[in-house]
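Just so we're on the same page: letters track the sequence lines, and every chain starts at 1. Note: hydrogens, waters and symmetry copies are ignored here, and every other heavy atom, side chains too, is used.
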Amino acid sequence: MKIREYHAPRWNEPIIHELGTPGERGFIPPRSEPEIKKRVGQGSKLVPESMKRKEKPDLPEISQAQVLRHYLRLSQMTLGMELDIDLGVGTCTMKYSPKINEELAGMIKDIHPMQPEETIQGLLELAYKFGDVFLREISGMDAFTFQPPGGSAGCYNNALIMRKYHADRGEAHRDEVITTIYSHPCDAATPATAGYKVITLYPDPETGLPDTEALKEAVGPRTAGCFITNPEDIGIFNKNIDEWTGIIHDAGGLCSYDQANANALLGVTRAREAGFDMLFFNLHKTFSSPHGSSGPGSAAVGVIEELEEYLPVPVIIKKDGGYVLDYDRPKSIGKIRDFMGNLPVVVRSYAWCISLGAKGLRTAAEISMLNNQYLVEKVRKIRGVTLTYPAKRVDQARWSLEQMKQETGVGIADVNRRVVDYGIQSYFMSHHPWLIPEPFTPEPAETYSKADIDYWCAVLEKISEEAYTDPELVKSAPHNSSIHKVDWDGFNDPDRWAMSWRAHRRKQR
Amino acid sequence: MLEAIDAKSTDELYAEMIPDRLLLNREMRLPEPFPDELGLKRHVAGILAKNKTTEEYISFLGGGCWQHYIPKVCEVIQSRSEFLTAYAGGVYSDQGRYQANFEFQSLICELLGMEVSGLPTYDWGAAAGNSIRMASRLTGRNEIIVPKNMSPARLSILRNFCGSVDPNGGIKITLVAYEDETGRVDLGDLESKLGEEIACVYFENPNYLGVIESEGAKISELAHAYGAESVVGVDPISLGVLASPAEYGADIACGEAQPLGVSMYAGGGSCGFIASRDEERYVAEYPLRLLSIAPTSVEGEYGFGQALYSRTSYMAREKAKDWVGTTTVLWGITAAVYMSLLGPMGMKELGETILEKSHYAAEILDDIPGAFVPYRGFFKEFPVVFSKSAEEVNKQLLEHGIFGGNPLTDYPELGQSALYCVTEMHSLEMIERLEAALREVLA
């Protein structure tokens with residue numbers, strides 16, 4: 001297969017503060033009408049003396065054309081998802097988001113969240129139906145909320161429900177939660193933020209399969225519940241997941257399912273049958289809302305009936321033939337996000353689901369699973385790349401370049417820089433800790449064709465060849481990127497790090 | 001493809017991975033789809049057309065999400081395919097995104113008078129929650145003081161951030177009163193509540209009632225006298241005319257960047273930020289991803305990467321500083337474009353326009369029999385106290401094509417009141433229409 005000759009745009013673009021000249025303007029704000037000024041005087045005189053800004057902020061002074069040019073250049077120096085075959089960024093479900101859905105989401109841009117309910121009936125209807133008709137059927141859960149503004153926020157939301165549920169039952173002593181090391185880091189970090197002690201289970205070292213015996217040993221009277229990603233972040237589905245939820249329930253705990261990346265499971269298997277009490281879906285992953293350079297996203301949280309009263313407020317309910325926002329929920333955990341969450345994300349996800357229907361969603365799942373089987377067969381044959389555990393993977397697989405590293409000195413960080421030279425988005429380097437050394441986790445969502453996967457694998461194969469014949473070429477990469485190799489030494493050094501231009505200038509002096 | 005992997009069907013493949021008892025084994029019961037784009041568009045647009053928007057009605061709603069003018073260039077950049085669809089790629093493929101994020105940090109720091117910020121978080125409430133937890137860890141103390149004149153929704157968010165399963169692990173929240181006459185934090189009450197156990201004093205400027213906390217320096221001074229941190233939440237669109245939090249002693253600043261060029265999206269435009277001085281002990285407590293500038297192997301070239309990444313939950317899991325995840329980075333990029341466009345002059349002039357229009361509106365509403373504006377010295381929002389219920393007033397205003405202010409139901413001491421927001425979006429004519437409608441409603 002012919003590998004493209006690619007070179008990223010390299011604008012050597014200055015920092016915005018280095019552009020412009022004093023007195024240049026990019027935007028003229030509206031001014032008050034003369035009648036207004038006549039009555040109240042100059043605006044700056046309306047600020048109490050003690051709170052007047054003494055020195056003007058050191059923002060750039062720059063024309064509109066130049067601001068546009070600057071940020072267009074920065075966008076060009078960003079590969080994003082749509083320009084390339086972005087299947088290397090696993091656990092992220094980098095699928096195509098239909099462009100029409102942007103226009104539909106834009107229809108709510110001028111709505112204020114506190115408008116009277118009768119003026120946002122369309123929005124409430126759409127969100128209600130998406131939860132009530134689609135997500136309940138897809139998951140088997142009983143009630144949904146879209147308040148959590150991201151996947152980890154959804155996980156945190158579930159930790160808060162767990163906390164309140166046990167407290168209400170006089171069981172506040174339940175202060176331990178259980179997760180697995182291959183569950184997403186948020187399954188450990190968010191319950192910890194809620195005050196839980198986190199017990200992390202490790203898999204069988206030979207098979208990588210979650211260890212049911214370890215779970216049985218971990219549960220006890222202090223168990224509040226579990227937070228589990230399935231398929232785990234390495235792509236293995238826990239076949240005993242219903243036994244796991246049974247063990248947690250027998251111990252008196254609740255079970256929260258991390259279904260951020262449920263892409264290959266739509267219409268195939270559900271949280272309900274697996275015995276979970278709560279789940280979250282990332283609408284910006286599985287449900288096709290664009291990732292926005294890392295948000296705005298949304299976690300759709302679903303719960304069983306018994307937990308519905310704990311959902312954050314407001315909850316959209318049906319009343320007298322219309323939809324209202326219900327705040328009067330005494331057992332609710334209260335608020336975790338201002339207003340109603342990220343509803344434009346919900347609009348896009350609704351549009352995606354209703355464009356596909358039951359068959360279409362199932363087909364998307366099947367293709368993404370099949371794509372992964374195909375990818376596995378191809379990557380398996382590439383020199384220096386190994387699959388650590390033998391089990392079949394569902395939507396993604398965690399691979400290792402340990403062998404390549406030992407044989408050539410070229411590891412995942414090097415390969416990850418080199419792929420950019422071929423116009424491929426850097427891989428996701430996998431969450432820590434790296435139990436599987438030199439890891440990467442491609443996830444070929446349904447977006448990618450067979451030809452896409454062939455090309456992606458051909459690039460990896462080429463880099464493998466380079467590693468074994470000319471390792472320096474890979475180690476000194478990137479060569480065709482917007483920039484060259486970054487000096488990482490300063491990122492942990494208070495004298496050298498700089499999180500703003502003003503800090504940078506001070507430290508350069 | 002099945003052939004290439006030597007499989008018969010997807011069902012067979014699933015059966016190898018997932019036990020039969022967990023398979024759904026039936027088709028999902030979902031509505032008939034709209035597979036063609038035109039049909040889809042008509043269907044979804046048909047539902048959303050039932051909404052009314054602030055383009056059709058004159059809106060005086062604020063309270064944490066505000067209508068401001070969005071410069072067209074902001075929309076052009078935020079809808080660029082590259083920024084819209086990027087996610088977790090590295091600096092070599094997404095250098096431009098990293099630089100835009102670094103510029104967001106740099107520009108917001110200029111408004112705040114700070115030197116460190118990170119990628120934005122979900123909203124002001126989450127930013128305040130993280131800031132307070134940072135202060136608690138920094139001081140090793142687990143009590144905080146927050147004002148009664150803060151956003152009630154944000155306070156609810158804070159209560160979640162401050163709660164804990166661990167009986168010794170939570171953060172106790174004490175409310176400080178505000179003065180009836182001015183709407184500002186009551187310094188006497190604050191002093192009486194301060195002590196060596198307080199991790200921080202958190203206050204908002206302008207506060208939820210819209211009033212500028214003109215004694216901000218005094219509040220910070222009192223906090224510092226007890227070894228507590230001063231944490232301030234701000235609306236950054238005010239910072240062309242208002243002092244930066246650093247100027248009145250804030251140690252940690254946070255707030256809401258939605259006013260900086262992001263549409264309201266029914267509340268989906270929220271974008272929180274956190275900033276502080278560049279001291280290692282502060283940096284070490286951030287939960288956010290912090291982008292640092294760095295040299296590359298080529299002289300004069302800028303690279304970027306994450307500072308002290310080991311703090312974050314991506315690396316430290318349950319030992320991390322709170323957690324980090326997918327937040328609101330696209331809005332941060334939009335805000336960077338906005339701050340670059342406006343510059344110091346634009347921010348100043350815009351702030352003046354808002355002050356003038358809001359004060360004009362307050363004055364003419366105050367003249368209406370049955371309406372009373374209790375405070376002056378605000379920025380863009382102010383309570384109006386009515387002679388009849390604020391819900392009833394709003395109901396009637398709706399018939400005049402007006403969204404009245406948010407009823408202040410959490411502030412019974414203010415009587416039948418609503419929070420009105422006036423910005424550069426409101427022409428003289430719009431304000432006069434509100435006045436005329438209110439005269440009729442209150443007559």
Could [X] and [Y] be called an ion pair, given the rule that one side-chain N must be under 4.0 Å from one carboxylate O?
| X | Y | answer |
| --- | --- | --- |
| B/D278 | A/R506 | yes |
| A/R39 | B/E356 | no |
| A/E33 | B/K357 | yes |
| A/K359 | B/E27 | yes |
| A/R31 | B/E349 | yes |

Greatest number of heavy atom pairs closer than 4.5 Å to chain A - which of B/D166, B/I212, B/N394, B/I333: B/I212
Does a donor on one side chain sit under 3.5 Å from an acceptor on the other, for [X] and [Y]?
| X | Y | answer |
| --- | --- | --- |
| A/E13 | B/Q99 | no |
| B/E301 | A/H484 | yes |
| A/Y71 | B/E103 | yes |
| B/R80 | A/S75 | yes |
| A/S426 | B/S93 | yes |
| A/E82 | B/S81 | yes |
| B/T10 | A/E366 | yes |

Contacting region of [X] [heavy-atom separation from chain A under 4.5 Å]:
| X | answer |
| --- | --- |
| B/A126 | neither |
| B/E363 | both |
| B/L398 | side chain |
| B/V91 | both |
| B/D123 | side chain |
| B/M347 | side chain |
| B/V76 | side chain |
| B/S427 | both |
| B/Y57 | neither |
| B/N406 | side chain |

Below 4.5 Å from any heavy atom of chain B, which atoms of A/F491 appear? Answer side chain, backbone, both or neither. both
Could you tell me whether the side chain of B/Y87 reaches within less than 4.5 Å of the side chain of A/M94, counting heavy atoms only? yes
For A/H17, side chain to side chain donor-acceptor pair (under 3.5 Å) partners two or more places apart: none
Residues that A/T119 engages under side chain to side chain donor-acceptor pair (under 3.5 Å), provided they are two or more places apart: A/Q115
Kindly determine whether B/M17 and A/Q373 satisfy side-chain contact (heavy atoms from CB on, under 4.5 Å), including the steps that lead there. CA-CA 12 Å; B/M17 294 183 278; A/Q373 310 313 314; 3.8 Å; yes
Pair B/H43-A/Y350, ring-ring contact (aromatic ring centres under 6.0 Å, His included): steps then yes or no: CA-CA 11 Å; B/H43 166 72; A/Y350 173 87; 5.8 Å; yes
Which of A/K56, A/E125, A/E102 touches chain B most, by non-hydrogen pairs under 4.5 Å: A/E125
